[in-house]
Amino acid sequence: MTISKRQTSMRTHMCGEIGTSDVSQTVTVCGWVAKRREHGDKLAFVDLRDHSGIVQCVIDNAVDVRSEYVVKITGVVRPRPDGTVNANLSTGAVEIGECVVEVLRSAEPPPFPVDARADDVDENVRLQYRYIDIRRERMQKNLRTRAKVNSAVRTAMENQGFVEVETPMLVPSTPEGAREFLVPSRKEPGSFYALPQSPQLFKQLLMVAGIDRYYQIARCLRDEDLRADRQYEFMQLDAEMSFVNQDDVLAAISEAVIAAAESVTGVKPDPIQRITWREAMERFGVDKPDLRFGMELTELTAIFSSTEFKAFTGAESIKGIRVEGKAEEFGRNKLDALTDRAKKMGAKGLVWLKVAADGTLESPVVKFLSADEQAKLISTLQAAPGDLLLIVADEWSMTCEVLGTLRNDLGRPPVHQGPYRYVWVTEFPLFVGVDKETGQPKPGHHPFCQPHPEDLDKFETDPMSVRSLAYDLVLNGWELGSGSIRIHEPEMQRRVFTALGISEEEANRKFGFFLKPFTYGAPPHGGFAFGLDRLVAILAGEENIREVIAFPKTQSGQDPMTNAPTRAENKQLDELGIRVLPPKV
RNA sequence: GGUCUCGUGGUGAAGUUGGAGUUCACGCCGGCCUGUCAAGCCGGAGGUCGCGGGUUCGAGUCCCGUCGGGACCGCCA
């Protein structure tokens, strides 16, 4: 039993752990009154709750205890009388009788029921009274799941020789990447620290420093708009290793993720499969594929190589998805909505076809397709009567992205719904897109990422096709985290900066403190970071990371409980040399 | 920055074609009740329908604005 560890001077047992083996023992439990059921002056039932569960206490005299009073009850454990066992309660076979009740603290009635009914309460109210919300079984379970994951991750990393090193929270601002939180310097008015978006620079310097294997359960901060899977501050398992290749990193991180999952679910996940970025885009149209369902993108370009259908002629890439059995369900309105969705993403259009009962195709565009094209379309997509077929013809990346989005819209289950499908996505492109202002390529991951050794010859001639040694870990369509093998040679770093259009002067100004150490002997190294909030949410069966964070912010970045952020006193601002502009009209 | 959506006693909801702050469940307060268990019965209190403006004889309901919550897009190297 775990009871002894939780025994204190005030209690002998936890409420939820009392069972038939304790019968006839005198016990003392402490907790909150979950429910009181009175039957006149001579009998009352009090359900007492602590984080372990609920136990029924039988009171034989009048006592004024109400919802959420904090009480200490001493009594004798006894089996419940025949016919009064409560199968819905883990302690339902027994009760505590002959109770002596001591009220430790009275309480106002709670603003919402402290049980599963509060799942329906406005989240803002739950957050305003988070300390009551957390009394509930769901939140207790979620926070304890989180602790289990943290613990399993730590153990897994320690077992592999990783050393925990804490990196600073007050760091220099690096304008690339996510928007940062700034902290004014009092000693040097006008100067600012930034709160770290990640320990990226420091952990690489720890490799230069010979730590060899670093990890940290690190708080990271990004001042970007919030979402179901994003908070201003979030926790990452951050790790970095020296003298490794990509396989070494993936193996080490997999170990931690698998340990975390097993600690919560009790089931050890299979080895995590891998897919290249290119294949993920080809088959799923996204770089964070959800492998739990089919509806994969099917290549159709060859079929329409000499088509008469103008929308398809000359298209770089034509792909389709088969939405099984949905032909009837999708009337004109829904199809128009899908088309709008595709167009808003930048596609020229969306072609839809329905497979009729006799196996023929029905669509406004079917008259433009030859019999041969129609036959090949049906066979390639393995279409059957009742299916809806969606086709996009555009540039390769547009075709993939649009169909990938439609695939998720039409088929993706809630993120926490089993099974858990982990996947490593490797070989991300080194550069993604072009900066609108400078016309230079933008880094796909970050500018310290090692280019793929097979693509070095294309570096200057065709930079957009250069792959990198960067990789993401994806679970059920959520990006858990990403990492890469880093550049450790200053010459290679210069090449990448040049490709990004960053001059030597600019590089030294922005990253000087980071680049100089690399001239003193940097080992080959690589690392990874994955978001613990997201992993815990999925493992806890939640689809919102706020449910696994004790005190999260709302979508607008506020805390309804503390009212943060609050206005600063003028005195504080004066000391910091800061003046606040009047609000914009 | 944008699209969509929600806002009605402490909580969750309903509120029809614009016709009195109306209704339901839970909670709360008081009473009754010796085996209940999200107890039962009786009684009671509790609301500036988020806020502001407009249309109207009359607005929870229609219109405009605004504030707040949520989902998503942008953004998140």
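Nothing here was measured: the structure is a model prediction, and the numbers come from that model. Below, chains carry the letters A, B, ... as their sequence lines are ordered, and counting in each starts from 1.
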Options B/rG35, B/rC37, B/rU11, nucleotide nearest the side-chain atoms of A/Arg80: B/rC37
A/Val121 has a side chain; which of B/rC75, B/rG12, B/rC37 sits nearest to it? B/rG12
Rounded to the Å, how far apart are A/Glu137 CD and B/rA38 C1'? 13 Å
Counting only heavy atoms not in A/Gln128 (residues, nucleotides, ligands), do more than 12 fall under 6.0 Å from its CD? yes
The criterion is salt bridge (Lys or Arg N to Asp or Glu O under 4.0 Å); which residues satisfy it with A/Arg80, sequence neighbours excluded? none
Would you say B/rC29 has OP1 or OP2 under 4.0 Å from some side-chain N or O of A/Arg66? yes
Could you say whether the aromatic ring of A/Phe45 and the base of B/rU36 stack, counting only centre distances under 5.5 Å and plane angles under 30°? yes
Using a cut-off of 4.0 Å on non-hydrogen atoms, how would the nucleic acid contact of A/Asp115 be classed: base, sugar-phosphate, or nothing? base
Tell me what A/Gly92 touches on the nucleic acid: a base, only sugar-phosphate, or nothing, going by heavy atoms under 4.0 Å. nothing
Residue A/His39, side-chain atoms from C-beta onward, closest of B/rG10, B/rG35, B/rC37: B/rG35
Does any nucleotide pair with B/rG47 by Watson-Crick or G-U wobble geometry, both distances under 3.5 Å, and what is it? none
Only one of A/Leu170, A/Leu221, A/Thr174 clears side-chain contact (heavy atoms from CB on, under 4.5 Å) with A/Pro196; which? A/Leu221
Under 4.0 Å from OP1 or OP2 of B/rU36: is there any side-chain N or O of A/Arg37 that close? no
Result for side-chain contact (heavy atoms from CB on, under 4.5 Å) between A/Arg49 and one of A/Lys35, A/Glu137, A/Glu68 points to A/Glu68
Expressed in whole Å, how much space separates the C1' atoms belonging to B/rG54 and B/rG46? 32 Å
Could you list all N or O pairs between the protein and nucleotides 67-70 of chain B that sit under 3.5 Å apart?
{"from": "B/rG69", "atom 1": "OP1", "to": "A/Thr554", "atom 2": "OG1", "distance (Å)": "3.2"}
{"from": "B/rG69", "atom 1": "OP1", "to": "A/Ser556", "atom 2": "OG", "distance (Å)": "2.4"}
{"from": "B/rG69", "atom 1": "OP1", "to": "A/Gln558", "atom 2": "OE1", "distance (Å)": "3.3"}
{"from": "B/rG69", "atom 1": "OP2", "to": "A/Ser556", "atom 2": "OG", "distance (Å)": "3.3"}
{"from": "B/rG70", "atom 1": "OP1", "to": "A/Gln555", "atom 2": "N", "distance (Å)": "3.0"}
{"from": "B/rG70", "atom 1": "OP2", "to": "A/Gln555", "atom 2": "N", "distance (Å)": "2.9"}
{"from": "B/rG70", "atom 1": "O3'", "to": "A/Arg546", "atom 2": "NH2", "distance (Å)": "3.2"}

Please name all residues satisfying ring pair (Phe, Tyr, Trp, His ring centres under 6.0 Å) with A/Phe202, sequence neighbours left out, ordered by chain then number. none
With sugar-phosphate meaning primed atoms plus P, OP1 and OP2, does A/Arg534 contact a base, only sugar-phosphate, or nothing at under 4.0 Å between heavy atoms? nothing
Protein N or O to nucleotides 24-27 of chain B N or O, pairs below 3.5 Å:
{"from": "B/rC26", "atom 1": "O2'", "to": "A/Arg117", "atom 2": "NH1", "distance (Å)": "3.2"}
{"from": "B/rG27", "atom 1": "OP1", "to": "A/Lys35", "atom 2": "NZ", "distance (Å)": "3.3"}

With P as the reference atom in both, quote the distance from B/rU16 to B/rC26 in angstrom, rounded to an integer. 24 Å
Check the pair A/Arg509 / A/Glu505 against salt bridge (charged side-chain N to carboxylate O under 4.0 Å, His left out), numbers first and verdict last. CA-CA 6 Å; A/Arg509 178 162 42 82; A/Glu505 180 275 325; 3.1 Å; yes
Can you tell me if the side-chain N/O atoms of A/Arg341 get under 4.0 Å from OP1 or OP2 in B/rC72? no
Work out how far the P atom of B/rG58 is from that of B/rG53, and round it to whole angstrom. 15 Å
So, are A/Asp64 and A/Arg66 salt-bridged, with charged N and O less than 4.0 Å apart? yes
Which whole-number value in Å describes the distance from A/Asp223 CG to B/rC75 P? 16 Å
Does a donor on one side chain sit under 3.5 Å from an acceptor on the other, for A/Glu17 and A/Ser52? no
Quantified in whole Å, what is the P atom distance between nucleotide B/rU23 and nucleotide B/rG47? 14 Å
Within the modelled atom types, does a donor on one side and an acceptor on the other bring the side chain of A/Glu38 and the base of B/rU36 under 3.5 Å apart? no
With both distances under 3.5 angstrom, what nucleotide forms a Watson-Crick or G-U wobble pair with B/rG68? B/rC6
In whole angstrom, give the distance that lies between atom CG of A/Leu221 and atom C1' of B/rC76. 13 Å
Using atom P of each nucleotide, how far apart are B/rA45 and B/rG50 to the nearest Å? 24 Å
Counting side-chain heavy atoms from CB outward, which of B/rG35, B/rC37, B/rC75 is closest to A/Arg230? B/rC75
Between A/Asp225 and A/Arg222, who's closer to the 5' end of RNA chain B by nearest nucleotide? A/Asp225
Expressed in whole Å, how much space separates the C1' atoms belonging to B/rU11 and B/rA38? 14 Å
Span that lies between the P atom of B/rG69 and that of B/rC29, in whole angstrom: 32 Å
From B/rA38, B/rA39, B/rG30, pick the nucleotide closest to the side chain of A/Asn86? B/rA38
Which pairs with one or both residues in residues 81-93 of chain A pass salt bridge (charged side-chain N to carboxylate O under 4.0 Å, His left out), sequence neighbours excluded? none
Across every strand shown, the nucleotide meeting Watson-Crick or G-U wobble geometry with B/rG19 (both distances under 3.5 Å) is B/rC57
Identify whether any heavy atom of A/Pro111 sits under 4.0 Å from a base atom; if not, whether one sits that close to sugar-phosphate; answer base, sugar-phosphate or nothing. sugar-phosphate
For atom CG of A/Asp41, is the number of surrounding heavy atoms from other residues, nucleotides or ligands below 6.0 Å larger than 12? no
Check this for me: does the side-chain of A/Glu95 come within 3.5 Å of the base of B/rG35 through a donor and an acceptor? yes
Roughly how far apart, to the nearest Å, are B/rG7 and B/rU66 at atom C1'? 13 Å
Please work out if A/Glu543 contacts a base, only the sugar-phosphate, or nothing of the nucleic acid, heavy-atom cut-off 4.0 Å. nothing
A/Asp533 atom CG is separated from B/rC76 atom C1', nearest whole Å, by 14 Å
Separation of A/Asp287 atom CG from B/rC76 atom P, in whole Å? 13 Å
How far apart are the closest heavy atoms of A/Phe518 and A/Ile487, and which atoms are they? CE2-O, 3.4 Å
Over how many whole Å does the gap from A/Arg36 atom CZ to B/rC28 atom C1' extend? 10 Å
Under a 3.5 Å cut-off for both contacts, is B/rG40 paired Watson-Crick or G-U wobble with anything, and if yes, with which nucleotide? B/rC32
Hey, could you give me each pair passing ring pair (Phe, Tyr, Trp, His ring centres under 6.0 Å) that has a residue in residues 39-60 of chain A? Not counting sequence neighbours. A/His39-A/Phe45
